[in-house]
Visitor: 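I'd like to ask some things about the structure below.
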Amino acid sequence: MFAANHVKNAVVSGVATLTALLVAPLAWAGNMQGGPAVNQLNLHEPATKIATDIYNLHTGMLIVCTLIFIAVFGAMFYSIYAHRKSKGHVAEQFHESIAVEIAWTVVPTIIVILMAAFATKSVLAMKDTSNADITIKATGYQWKWGYDYLKGEGEGISFYSNLSTPKDQIDGSAPKGENYMLEVDNEVVVPVNKKVRVVLTAQDVIHAWMIPSFGVKQDAIPGFIRDTHFKAEKIGKFRGQCAELCGKEHGFMPIVVNVVSDADYTKWVDAEKKKMAAKQDDPNKQWSVDELKARGEKVYAANCVACHQATGKGVPPAFPPLEGAKIVNGPKDNQVAILLNGRQGSAMASFKQLSDVELAAVITYTRSSWGNKGEAPTVADVKAARAWDAAKLTTLAAKQ
Amino acid sequence: MSAVLPAHGHADDHGHGHDDHHHGPPPGLMRWVKTTNHKDIGTLYLWFSFVMFLSGGVLALTIRAELFQPGLQIVNPEFFNQLTTMHGVMMVFGAIMPAFVGFANWMIPMQIGAPDMAFARMNNWSFWLLIPAAGLLVISFFVPGGATAAGWTLYAPLSTQMGMGMDLAIFALHIMGASSIMGSINIVTTILNMRAPGMTLMKMPMFCWTWLITAYLLIAVMPVLAGAITMVLTDRHFGTSFFNAAGGGDPVMYQHIFWFFGHPEVYIMILPAFGIISHVVPAFARKPLFGYSSMVYATSSIAILSFIVWAHHMFTTGIPAAGQLFFMYATMLIAIPTGVKVFNWIATMWKGSMTFETPMLFATGFIFVFTMGGFTGLILAVTPIDIQLQDTYYVVAHFHYVLVAGSLFAMFSGVYFWLPKWTGHMYDEGLGKLHFWTSVIFFNITFFPMHFLGLAGMPRRIPDYATQFSDFNAIASVGAFGFGLSQLIFLAAVLKCIKGGAKAGDNPWEGAQGLEWTLSSPAPYHSFETPPVVK
Amino acid sequence: MSASHAPAASATAGSAPTSYFIPEPSSWPVKGSIALFCMAIGAATWFNDLPPGPWLVAFGFAMLAYVLYGWFGTVVGESEAGKYNSQVDVSFRWSMSWFIFSEVMFFAAFFGALFYARQLSVPWLGDLEHKLLWPDFGGQWPSAGPQASEKFTTMGPFPIPALNTALLLMSGVTLTIAHHALKDNNRGRLKLFMALTIALGVLFLGFQAYEYSHAYSELNLKLTSGIYGSTFFLLTGFHGFHVTVGATMLIVILARCMKGHFTPDHHFAFEAVAWYWHFVDVVWLGLFFVVYMF
Ligand code: HEA
Ligand code: HEA
Ligand code: CUA
Ligand SMILES: [Cu+2]
């Protein structure tokens, strides 16, 4: 493939210059840190041992394949050159040779076995998720990632991570930044040289968590737990994207991992813990409907717009409108139940990870916007429903 | 107008007193609607698949236009996913598979010395089922929610979320599956039971061999696909939990069932291509096919292995290490029989007396470019590398190398090779050569850069991407439009050949062997009314 | 995939392969395609609560029935007119065998799903790792999954399924007796045992219908009972559907026997249906063991 590579590279760069002229208005972004380089030709520069192994494995495979390719097609092109009718070559009529046929069965078999043997070691290494220093749970949602630090330093930290590229860059009304499409509001922060185990699951459909520089890609499967791991050897930001078709915004749920020194990590954990404490709503606060509504608008924008849209009109038939919806205008308990449990078998997942205040707020917001006139629940309503739900589930489980 | 033709060993006993006026087809449109003639049905198949190829191609060009630059310009993300999905579905089930059935219909009776297919009336149904299926796919774009956007693999549970377009796609696939199964049963039966006296299996032309095995694969796996999508249907509408963990099911189970179909499916799309190439190369090297029996064994080995490699599409789903290793090893083994085929073709060329008319150009192009796709396949088979490359443009590059430069180029080769037999005219060599050179060049401009994009981590099925990927995407898009335009040359060449052109002799190719070349050009309506005797 | 496209016919007595048979142009296939198109559109709209829904399905189904009746009628006519020689007979044999193979693979998909769920996915959902998501789920089979909200009882092998097994096995025997009667040209016995076979098949279906209603009303076992209900009803349901198709074909064959069709040497239609019936039998045995017994 190398021979072809060179020819192709020549063609490619020729055409590249040509198109460069054609697409002059296109923003010429620079390289981004930890993401793809401009016109990168090969795998990412590895930042973990496993990525290095993969890189070398790929290089080895490429070399072997290129050599075979040259040998095989060298023979073919020689024959095309020498054994053509226009050169007066007369066809011989042989059509069998047990010896060569055995040879070209056995030799590739050996080559293939060697390739597989080299790969086996990496397969096993990639699967070994034991003895991790930090365990992070990553949950795929349509269309964002949620992270919960489960074990190790930072335990208890929990946040969502959304694409942070502004809309105007996407629709072309603003110049595109250099991290275009590969930037998020909340990055995953991990310490350098620590083994991080990532436990994956998903809420709705299958997503995949990929960081090329780490050699990590693992599907996140709804209802199931999968895991993978990495031990970053370099400080810096590393970027990837969701790598499994997950619906309309599949292209817009990137992943950014920020690898920092141990000290910086401890600092980050402290700051994050403080932030979380500050965010926590005062349990004794009495919320007025207007307060809930204002708060709910924010919750809605962060959690619901992707499907039900800012207009409340949804994207029927996939995502129903909330504007004028029966449930939103009917008894409040039904809507609380939907938000807590989701609708089984649909994209409408459970939102029980939101706090009671947030749930009460977003329900209030949907019940008083777009002409809806539903009765607003109180925070206590949500709390009660949640407790009742948990009780019901436990008894059911006990029965089984 | 039933035709009872004399057969086996009764060559001179012209005792078919019933109707002797069975030589011409009935006139008008009804000829095509009601036909029971293998050539008419073959022609219908070939035109149908070409129309599907153009439609799928237009979808691909829309994809490429959107991807020409980063940012969202032409389509919204939702419609983009519909385009990708329907492009894949139409190309796989509408273009490539029916086209090969078209070849089978035309060529198998002629190559084995039969008058027609074993079940001529069912043959008509196999074709006419495709029309409602295609209709359902087209309609699905216009129903609420639009066409299905879950990828051609229709992975659950994303596919349980879709609107009505998904149901239409499921029914379309059911119907196409029925069509494939009937077509395959017909082909198997024809090959096993209708060969001319003296044609033992090991004397059979390679194209028939590859189709025999392909038909076997089709009969084995199409029902499995039907099962998988039926489960999606019941999960969607009847509350079953096959792919829903809350009810004890598993989304990954869908992938296992789908790929148990899906991997044999990709060989269904390449084995008949191997068959065509095995006819064209000897013809233009003027030398018998090298290693006939090892070709037969290699084809069978590929088919058998194809049943035990499916999880190489699922290395990132988190299957246990033992599974990853098993499927990696099994997959890599396929390189061996495929290599045997490549080596045999080259050995056939070796010391031949070669000329390079259009069929041979496409055949040579096929061998060269398909092998590149095979090598990238082998690289993907290595689990750790696949984990880096899964669901990136590297995979897109891989399968377009094997599907476009593989299946499609082989079909071009076959069309130019047999057009004189089909129409009685020679095609325009100039147009043919132009078609070849523009196709290979633009093909590589389109798909070669995708390897780089994939290595650099660009995911597939996305409408917008990081600016660092811009140049290669722009190049690919330019190439795609060039490649698309090149196909208009093909259309022109075919139409010109049907309309007229130099008269083709019974065997217009110096080196072509086989019963089909003993028939007149164009071939008579009923291929062999008197079975030839094969020594 | 149970489109009844496998042609059934018998070859005329004593015909040697002296001629090829090519049927005349036919409009049955296109009509069949239109019927399926209507059924597909009808079903898709029906499932999504849009018009015309069930009406179009009914129309398409009626048309399909008409097409099958007409098409097979043509085939029977051709067969009785002696147009099929022994080569055609062999073709029919190949095609029926391959068709049954395709049916085997269809069932394999569902058996595979059952195997996968029982042996792999349900235990996985109950393992230690998955406590994170489903803390209370044990992962034992039978199961309706970790989020099951209702209890159900499984369908045991006794008494109805065992009885049904006996019925189907018996019907295999009666069918074989009928076949021998046909070969011995004992038409009276042939008809008697065909009728018996059909009766056994219908009885089987009756029991199965009863079993389903029992499952719904008393066992709380439903199609929606998680993966157990899904696999149980789809496997037994598709099997029941095949029994229905097989019984219908047996009825057609009996009718043809009454009309005096078939000879002791040439009766492939009979044999094809018998093969199909035995295949359906074997599938049931598989079901009996993996679905009901173990
Ligand atoms: C015509 C269709 C076709 C063919 C023939 C192939 C052939 C092969 N494919 Fe490909 N493949 C697809 C169509 C095809 N594929 C499609 C459509 C997908 C994507 C589906 C989707 O996700 O949408 C896919 C995806 C795909 C994947 C999954 C990628 C991913 O999603 O992560 C893998 C991984 O193993 C793979 C491997 C292979 C291999 C090993 C072969 C082998 O058969 C290739 C063998 C050939 C050679 C190796 C070259 C010739 C050999 C020699 C000259 C001998 C000497 C060589 C050596 C000893 C090295 N393919
Ligand atoms: C089976 C065969 C097959 C064939 C022949 C093709 C042909 C082409 N494919 Fe396709 N492709 C698939 C099978 C195939 N593809 C599959 C299975 C997928 C995966 C789908 C999925 O992810 O689910 C895929 C996905 C796929 C993608 C990835 C989309 C994504 O991930 O989002 C892209 C992107 O560039 C692409 C491009 C092309 C192009 C440019 C062609 C070209 O070769 C097409 C050339 C043909 C024409 C252009 C039409 C003819 C010309 C005219 C009608 C005249 C008008 C022309 C002009 C005005 C220029 N294909
Ligand atoms: Cu999430 Cu793709
Ligand atoms: Cu594969």
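Each chain gets a letter, A, B and so on, in the order the sequences are listed, and its residues count up from 1.
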Visitor: Hydrogens and angles aside, do A:Asp227 and A:Thr129 bring a side-chain donor and acceptor to less than 3.5 Å of each other?
Guide: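 Per modelled atom types, A:Asp227 and A:Thr129 side chains form a pair under 3.5 Å.
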Visitor: Closest heavy-atom contact between A:Cys246 and A:Met253?
Guide: SG-SD, 3.7 Å
Visitor: With a 4.5 angstrom heavy-atom cut-off, is it the side chain or the backbone of A:Leu43 that approaches chain B, or both, or neither?
Guide: both
Visitor: Can you tell if the side chain of A:His44 reaches within under 4.5 Å of the side chain of A:Phe238, non-hydrogen atoms only?
Guide: no
Visitor: Under 3.5 Å, is there a donor-acceptor pair linking the side chains of B:Arg286 and B:Thr355?
Guide: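 B:Thr355 and B:Arg286 do have a side-chain donor-acceptor pair below 3.5 Å.
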Visitor: Where does A:Ile170 contact chain B at under 4.5 Å (heavy atoms): side chain, backbone, both or neither?
Guide: both
Visitor: Counting heavy-atom pairs under 4.5 Å with chain B, which one of A:Pro212, A:Gly88, A:Pro108 comes out on top?
Guide: A:Pro212
Visitor: Find the one option among A:Glu249, A:Gln142, A:Gln169 whose heavy-atom pairs under 4.5 Å with chain B are most numerous.
Guide: A:Gln142
Visitor: At a heavy-atom separation under 4.5 Å, does B:Ile387 approach chain A through its side chain, its backbone, both, or neither?
Guide: both
Visitor: For A:Val100, is it the side chain, the backbone, both or neither that has a heavy atom under 4.5 Å from a heavy atom of chain B?
Guide: side chain
Visitor: Listing request: all side-chain hydrogen bond (donor to acceptor under 3.5 Å, both in side chains) pairs with a residue in residues 381-393 of chain B, at least two apart in sequence or in separate chains.
Guide: B:Thr316-B:Gln390
Visitor: I'd like to verify something: which residue of A:Met61, A:Gln93, A:Gln40, A:Lys127 has the highest number of heavy-atom pairs under 4.5 Å with chain B?
Guide: A:Lys127
Visitor: If I measure from the heavy atoms of chain B, does A:Leu245 come under 4.5 Å with its side chain, its backbone, both, or neither?
Guide: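 Both backbone and side chain.
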Visitor: Do B:Phe472 and A:Asn39 have side-chain heavy atoms sitting under 4.5 Å apart?
Guide: yes
Visitor: Under 4.5 Å from any heavy atom of chain B, what part of A:Ile98 do you find: side chain, backbone, both or neither?
Guide: neither
Visitor: Is A:Phe252 in contact with chain B via its backbone, its side chain, both, or neither, using a 4.5 Å heavy-atom distance?
Guide: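 A:Phe252 touches chain B through side-chain heavy atoms alone.
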Visitor: Can you confirm whether B:Thr364 sits close enough to B:Met360 that some side-chain heavy atom of one is under 4.5 Å from a side-chain heavy atom of the other?
Guide: yes
Visitor: Under a 4.5 Å heavy-atom cutoff, which of A:His95, A:His250, A:His83 has the most pairs with chain B?
Guide: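 The residue among A:His95, A:His250, A:His83 with the greatest pair count is A:His83.
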Visitor: Tell me whether A:Lys248 forms a cation-pi arrangement with B:Phe79, defined as NZ or CZ under 6.0 Å from the six-membered ring centre and within 45 degrees of its axis.
Guide: no
Visitor: Below 4.5 Å from any heavy atom of chain B, which atoms of A:Met210 appear? Answer side chain, backbone, both or neither.
Guide: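 Just the side chain, heavy atoms under 4.5 Å.
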Visitor: Answer with side chain, backbone, both or neither: which region of B:Ala156 has an atom nearer than 4.5 Å to a non-hydrogen atom of chain A?
Guide: backbone
Visitor: Between B:Met349 and chain A, with a heavy-atom cut-off of 4.5 Å, which part of the residue counts as in contact: side chain, backbone, both or neither?
Guide: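 It is both, since atoms from each part get that close.
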Visitor: Any non-hydrogen side-chain atom of B:Phe242 less than 4.5 Å from a side-chain atom of B:Pro157?
Guide: no
Visitor: Using a 4.5 angstrom heavy-atom cutoff, name the option from A:Ala51, A:Ser86, A:Ser97 with the most pairs to chain B.
Guide: A:Ser97
Visitor: Go through the atoms of A:Phe77 and report whether side chain, backbone, both or neither lie under 4.5 Å from a heavy atom of chain B.
Guide: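 The side chain, not the backbone.
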Visitor: So which part of A:Val90 gets closer than 4.5 Å to some heavy atom of chain B, the side chain, the backbone, both or neither?
Guide: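 When you check distances to chain B, only backbone atoms of A:Val90 fall under 4.5 Å.
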Visitor: Quick check for you: among A:Gly223, A:Ala243, A:Gly251, A:Ser122, which has the greatest number of heavy-atom pairs under 4.5 Å with chain B?
Guide: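 Most heavy-atom pairs under 4.5 Å with chain B: A:Ala243.
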Visitor: Just checking heavy atoms, which of residues 334-341 of chain B are less than 4.5 Å from chain A?
Guide: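 Against chain A, the residues of residues 334-341 of chain B that fall inside the cut-off (heavy atoms, under 4.5 Å) are B:Ala335, B:Ile336, B:Val340.
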Visitor: Partners of A:Phe73 by ring-ring contact (aromatic ring centres under 6.0 Å, His included), sequence neighbours excluded?
Guide: A:Phe69, B:Phe368
Visitor: Is A:Gln218 in contact with chain B via its backbone, its side chain, both, or neither, using a 4.5 Å heavy-atom distance?
Guide: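 Its backbone and side chain both get close to chain B.
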Visitor: Centre of A:Tyr81's six-membered ring, under 6.0 Å away, within 45 degrees of the axis: is that where NZ or CZ of A:Lys87 sits?
Guide: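 The answer is yes, since A:Lys87 meets both limits relative to A:Tyr81.
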Visitor: Using side-chain heavy atoms (C-beta onward) and a distance below 4.5 Å, is B:Tyr465 in contact with A:Met181?
Guide: no
Visitor: Does a side-chain heavy-atom distance below 4.5 Å link B:Leu72 with B:Phe80?
Guide: no
Visitor: Could you report the tightest heavy-atom contact between A:Cys307 and A:Phe319, atom names first, then the distance?
Guide: O-CB, 3.5 Å
Visitor: Apply salt bridge (charged side-chain N to carboxylate O under 4.0 Å, His left out) to A:Arg84 and list each qualifying residue two or more places apart in sequence or on a separate chain.
Guide: none
Visitor: Can you tell which part of A:Met126 gets under 4.5 Å to a heavy atom of chain B, answering side chain, backbone, both or neither?
Guide: side chain
Visitor: Side chain, backbone, both or neither: which part of B:Leu380 has a heavy atom under 4.5 Å from chain A?
Guide: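 For B:Leu380, no heavy atom lies under 4.5 Å from chain A.
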Visitor: Kindly indicate whether the side chain of A:Lys176, heavy atoms from C-beta on, has any atom under 4.5 Å from the side chain of B:Pro70.
Guide: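 A:Lys176 reaches B:Pro70 side chain to side chain.
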Visitor: Go through the atoms of A:Glu101 and report whether side chain, backbone, both or neither lie under 4.5 Å from a heavy atom of chain B.
Guide: side chain
